[in-house]
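Here the structure is laid out as structure tokens; the discussion comes afterwards.
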There are 2 protein chains.
Amino acid sequence: MSELIKQTLKSSNQTDPELSDLFDDDTEDAGSLMSAVYLVLEDNMSVQGAMDHVRNQSLEKNIDEISYILVVDSEGILKGGLNVSQLVISEPTEMITSVMYPDIISVSADTDQEQCALIMEKYNLLTLAVTDSYGRLEGIVKIEDMIDVFQDEATEDMYKMVGVDEEEKILGPFLTSVKGRFPWLFVNLITAGLAAMVIIVFESTLTKVIALAAFLPVIAGQGGIVGTQTLTLMVRSMALEEISHEDTKKLLIKELSLGLVHGFVLGLIAGIVAYFWQENIYLSLVIGFSMMGNLAVAGISGVALPIFLRAMKLDPALSSAVVVTTVTDVVGFLIYLGMATLVINLII
Amino acid sequence: MSELIKQTLKSSNQTDPELSDLFDDDTEDAGSLMSAVYLVLEDNMSVQGAMDHVRNQSLEKNIDEISYILVVDSEGILKGGLNVSQLVISEPTEMITSVMYPDIISVSADTDQEQCALIMEKYNLLTLAVTDSYGRLEGIVKIEDMIDVFQDEATEDMYKMVGVDEEEKILGPFLTSVKGRFPWLFVNLITAGLAAMVIIVFESTLTKVIALAAFLPVIAGQGGIVGTQTLTLMVRSMALEEISHEDTKKLLIKELSLGLVHGFVLGLIAGIVAYFWQENIYLSLVIGFSMMGNLAVAGISGVALPIFLRAMKLDPALSSAVVVTTVTDVVGFLIYLGMATLVINLII
């Protein structure tokens, strides 16, 4: 029986190479993590028969680590499973079907690895059965192999957010690092150009009140941090499936409110400091209101960008920190210098 | 025997509450993850005796999931372990000591959870024994409970880097979010004030050539991204123990070189764009060189900050993105506006 399973497993891996090239992330499914099953029980065995089978197979195939054993019928269809200790503690004359768990959670070979990880975590499984469309056992995913997936998914999200290639090792080759990081730096150069253009547009305002320039990094910095905080929470919560599409409105309202509250307090502080420096209430008001506006936009874009990326079937983490900080730079400067221009005669 | 173990386990948890209050992160060690051991074997048992013991104990205590069984001597000292399947496949007359693995990796109750996770991952363990200083078995850590640790550690690093409380849930209470995020926003407000002061110092330079202001967000943005990229790689690699103290020099050289190379290429592009706009070669040179300088500093601080934090016995992830982006803002503006001031007569 186990030979049959191994055979099935082998043949299911022999896909057309041309075809599998089309899916370049096909290393990311259950099939690629799957181990062959060397030992299964049949559903017509008794406990004693099962123990004999386990003993013979173990000796023959030199297996000494068995914890969970799956049970299939004569067609190879998955019927249940049991912990090997169940054999030890049950009456030898009982039937396997009466001591096994009949309801076994299984996935198919093309189930996403992250999905498998979530199922194993949710149901506290040490092994996860992989079946084909007929319910035939194809293999198992072991929790030991899954640990790496958990680690890799987290690493991937962290790296992608800041535009680093998910495979990069910090001690890896120099050119690999350049290849992975440069593209997003270049994208950021172009988007930073947008922020530069906003400044150019308001050049005459800046010339009139050069003190305005001092608060540019404050507006940009605060917006960047708020946006990245929201974004990080969003990306991680989406990865752990703690939030779903239905939460979008609630999330937007919460992060918008947080942005406004933080913006009010921080804008107030910055405005007061500015007043002691320039003694112009209108400058302080411009600083305060643009802080509020920018942090509100930062919160909203931190929520909206990963949701938008997922809707576009892209990874929500995809270099999103690079994009969000640009949005907050551009919008922050627009609000700040725009408002300053409107009241420029009161500030001079 | 198992009662004795449970007793030991229980008593070892009864520490002075006053004392344990001193260590507010004592939920982060092996002890807090540890499960009681309800079933152990003694080293003087035969395989048959062990099977009888397992059967009796399972029925008595209603245990039906056993995979790995630990073996202790009459004093409760850990002697070895074996997979339950080993009982099934061995001769009933053999001694437990001859079929068990004698070398069992164990940790103590105060071993850090992250350390336990790394050991379990490295040796592919499903359970990890916890012993006291005499080698007596205190309990076990199961891989199911460890999965959450892996997830939490990754989440923690991501959140801490951007100054979000590690416990925050994005759908959690509003005030919890404010309490977690505001402190680092406030810190960033103060540090952004440093960047503002650099601009104030060079106010007269900016007044003379207002075009200089346009490149402030470009210098700051690029420095911020490079610093955060390096930082993210560092924090994650440190968490996964892929790098150690001995690599510091190599890392500094690599990230410094990367910063210089990226700075050269991106500075060249920015300089050329600036030349087409202002037709002043000295302005372009100032932009190009300050980009190189800032990205070199960004790379170095991305390596140095987490190493410094760990040396201070702090978490390397601790709001480090907030700090690194400030460093790059301040240093970037200093280099950029400083150089511009030196050659101001050539730029006007």
Side-chain angles (χ1 to χ4, degrees), chain A residues 51 54-55 58-59 64-67 83-89 121 124 143-144 147 150-151 154-155 158-159 162 164 170-171 177 181-182 185 188-189 192 195-196 199-200 203 206-207 210 213-218 220-222 225 228-229 232-234 236-237 243 247 258 262 266 322 329, chain B residues 51 54-55 58-59 64-67 83-89 121 124 143-144 147 150-151 154-155 158-159 162 164 170-171 177 181-182 185 188-189 192 195-196 199-200 203 206-207 210 213-218 220-222 225 228-229 232-234 236-237 243 247 258 262 266 322 329:
Chain A
M51 281 181 68
V54 170
R55 187 178 298 114
S58 308
L59 295 177
D64 59 357
E65 295 272 337
I66 308 157
S67 39
N83 196 291
V84 68
S85 56
Q86 196 65 41
L87 294 178
V88 177
I89 67 179
E121 198 186 7
N124 248 351
I143 199 159
E144 303 97 287
I147 294 287
F150 284 111
Q151 297 283 39
T155 305
M158 290 173 83
Y159 286 9
V162 295
V164 169
I170 195 163
L171 283 170
S177 299
R181 302 190 212 172
F182 184 79
L185 277 169
N188 179 257
L189 180 65
I199 292 182
I200 294 171
E203 217 175 59
L206 273 175
T207 315
I210 196 68
F215 283 91
L216 288 174
V218 179
Q222 296 273 294
I225 297 287
T228 318
Q229 284 184 338
T232 305
L233 281 159
M234 281 294 295
R236 190 65 181 152
S237 305
I243 51 175
D247 299 316
L258 269 174
H262 284 146
L266 295 161
V322 176
D329 274 12
Chain B
M51 280 181 68
V54 169
R55 187 178 297 114
S58 308
L59 295 177
D64 59 358
E65 295 272 336
I66 308 157
S67 39
N83 195 292
V84 69
S85 56
Q86 196 66 40
L87 294 178
V88 177
I89 67 179
E121 198 186 8
N124 247 350
I143 199 160
E144 303 96 287
I147 293 287
F150 284 111
Q151 296 284 40
T155 304
M158 290 173 83
Y159 286 9
V162 295
V164 169
I170 196 164
L171 282 171
S177 299
R181 301 189 211 172
F182 184 80
L185 277 169
N188 179 256
L189 180 65
I199 292 181
I200 294 171
E203 216 174 60
L206 273 176
T207 315
I210 195 69
F215 283 90
L216 289 174
V218 179
Q222 295 273 294
I225 297 287
T228 318
Q229 284 184 338
T232 305
L233 281 159
M234 281 293 295
R236 190 64 181 152
S237 305
I243 52 175
D247 299 315
L258 269 175
H262 284 147
L266 296 161
V322 176
D329 274 12

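Chain letters run A, B, ... following the sequence lines, proteins first and then strands; every chain starts at 1.
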* To do: List the atom of B/Ala196, the atom of A/Pro217, and the distance in Å for their closest heavy-atom pair.
  => N-CG, 4.1 Å
* Asked: Residues in side-chain hydrogen bond (donor to acceptor under 3.5 Å, both in side chains) with A/Thr155, at least two apart?
  -> B/Arg236
* **Atom pair CD (A/Gln229) and OG (B/Ser177), whose distance is rounded to the nearest 0.5 Å** => 10.0 Å
* Below 4.5 Å from any heavy atom of chain B, which atoms of A/Ile199 appear? Answer side chain, backbone, both or neither. => side chain
* Asked: Under a 4.5 Å heavy-atom cut-off, does chain B meet the side chain of A/Ala213, its backbone, both or neither?
  -> both
* Asked: Using a cut-off of under 4.5 Å for heavy-atom pairs, which of B/Asp329, B/Leu258, B/Thr207, B/Thr232 has the most such pairs with chain A?
  -> B/Leu258
* Structure fact -> In this structure, CD of B/Gln222 is separated from CG of A/Asn188 (nearest 0.5 Å) by 5.0 Å
* What pair of heavy atoms forms the shortest contact from A/Arg55 to B/Val88, and how long is it? -> NE-O, 2.8 Å
* B/Leu189/A/Val218 under side chain to side chain contact (heavy atoms under 4.5 Å, CB included): CA gap, chis, key distance, verdict -> CA-CA 7 Å; B/Leu189 180 65; A/Val218 179; 3.6 Å; yes
* Asked: CG/B/Leu216 to CG/A/Leu216 distance, rounded to the nearest 0.5 angstrom?
  -> 7.0 Å
* To do: Give the intermediate values and the outcome of side chain to side chain contact (heavy atoms under 4.5 Å, CB included) for residues B/Leu266 and A/Leu185.
  => CA-CA 8 Å; B/Leu266 296 161; A/Leu185 277 169; 3.8 Å; yes
* When B/Leu233, B/Val84, B/Leu87, B/Ile225 are compared by non-hydrogen pairs under 4.5 Å with chain A, the top option -> B/Leu233
* Picking from A/Val162, A/Val322, A/Val54, which has the most non-hydrogen pairs under 4.5 angstrom with chain B? -> A/Val162
* **Partners meeting side-chain hydrogen bond (donor to acceptor under 3.5 Å, both in side chains) with A/Thr228 (sequence neighbours left out)** => none
* Structure fact -> Scanning both residues in full, the closest heavy-atom pair of A/Ile210 with B/Glu203 reads CG2-CG, 3.2 Å
